[in-house]
Amino acid sequence: MADLVEAGKIRAVGVSNFSAEAMGRAHAVLAQRGLPLAANQVRVSLLDRSIERNGVLDVARGLGVTLIAYSPLAQGLLTGRFHDDPSTIGAVSFGRRMASSIRPRTLERTRPLIDELKRIGAKQSATASQVALAWVVQFWGDTVVAIPGATKAQASDRGRRALKVELSRKELDKLDELSRRV
Ligand SMILES: NC(=O)c1ccc[n+]([C@@H]2O[C@H](COP(=O)([O-])OP(=O)(O)OC[C@H]3O[C@@H](n4cnc5c(N)ncnc54)[C@H](OP(=O)(O)O)[C@@H]3O)[C@@H](O)[C@H]2O)c1
């Protein structure tokens, strides 16, 4: 990857699903070539906060690596659409249902969190998804950015509008608390 930067074919180096330890190693190898490790794409959302436990967040902060949160909407679970109509779970692929635990019991457990996302959103004419995305990119300061998925152009437009949602400290903390309870 350092060769590619030097050849002018890429501007920066990013990795994906690297552990804290692997990030450290990649950073050290690149540093020998005078290059930073720009990013690590990892799974992060209000329903997956493993970066706080596995050292990835601390190492990213220490080394100045940006974490790109993939599946920031827990593959649609945090949009609230399955909570609004649980019968739509049946149309979701088996793999996606397993990966994000999209099942009736999860809907029950996460309902207070979704209700709060909707409640906060209503104050700013925003949807639950936009608030969930805003939380991911605001809660950990500059370290985390997000790459929400969109199968429809409309979802991508709505995702962009999440950048306009501003959450207060109290709202960030309330969502933090509810997500820890899930
Ligand atoms: N590096 C890796 O290992 C890795 C792994 C997984 C994903 N990724 C990447 O991460 C990105 C996002 O992943 P993801 O698709 O899992 O992300 P996600 O943002 O958690 O979920 C996206 C899904 O949520 C639903 N959605 C999005 N906006 C919505 C809205 N406004 N209203 C209702 N539903 C909405 C859509 O589902 P419907 O299509 O059902 O409408 C969409 O496909 C993708 O670019 C993917 O390639 C990377």
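Numbers for residues simply follow the sequence, beginning at 1. No experiment lies behind these values; they were computed from the predicted model shown. Just so you know, ligand 1 is whichever comes first in the structure, and atom 1 is the first atom listed for that ligand.
- The shortest contact between atom 11 (C) of ligand 1 and any protein heavy atom is with I147 O, 3.2 Å.
- Under a 4.0 Å N-O distance rule, the pair R33/D3 qualifies as a salt bridge.
- With respect to atom 41 (O) of ligand 1, the closest heavy atom belonging to the protein is K152 NZ, 2.9 Å.
- Closest to atom 19 (O) of ligand 1 among all protein heavy atoms lies G149 N, 2.9 Å.
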Quiz item: So R43 and S100, side-chain hydrogen bond (donor to acceptor under 3.5 Å, both in side chains) or not? Walk me through it.
Solution: CA-CA 11 Å; R43 191 177 163 98; S100 291; 3.2 Å; yes
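- At least one side-chain heavy atom of E116 sits under 4.5 Å from a side-chain heavy atom of L175.
- With hydrogens and angles ignored, the 3.5 Å screen pairs a side-chain donor or acceptor of S168 with a backbone N or O of E171.
- Protein heavy atom nearest atom 29 (C) of ligand 1, with residue, atom name and distance: T79 CG2, 3.8 Å.
- Taking a cutoff of 4.0 Å between a charged side-chain nitrogen and a carboxylate oxygen, R81 and D84 do not qualify as a salt bridge.
- Geometrically, ligand 1 and A155 share no nitrogen or oxygen pair separated by less than 3.5 Å.
- For atom 3 (O) of ligand 1, the closest non-hydrogen atom on the protein side is N17 ND2, 2.9 Å.
- Between A146, G14, S129, P72, it is S129 that holds the heavy atom closest to atom 30 (C) of ligand 1.
- The nearest protein atom to atom 37 (O) of ligand 1, hydrogens excluded, is given as R96 NH2, 3.1 Å; this is a heavy-atom distance.
- In terms of protein heavy-atom proximity, atom 2 (C) of ligand 1 is closest to Y70 CE2, 3.3 Å.
- Proximity to P148 (heavy-atom distance under 4.0 Å) selects the following atoms of ligand 1: 12 (C), 19 (O).
- Between the side chains of R158 and S156, no donor-acceptor pair of N or O atoms lies under 3.5 Å.
- Side-chain polar atoms of S179 and R49 form a donor-acceptor pair below 3.5 angstrom.
- Checking R81, Q130, R158, Q75 against atom 38 (P) of ligand 1, the nearest heavy atom belongs to R81.
- Residues A69 and V44 share a closest heavy-atom pair of CB-CB, 3.6 Å.
- Contact annotation: the side chain of N17 never approaches that of N40 to less than 4.5 Å [non-hydrogen atoms, C-beta and beyond].
- When only non-hydrogen protein atoms are considered, atom 39 (O) of ligand 1 lies nearest to T151 OG1, 2.6 Å.
- The nearest protein heavy atom to atom 47 (O) of ligand 1 is not closer than 4.0 Å.
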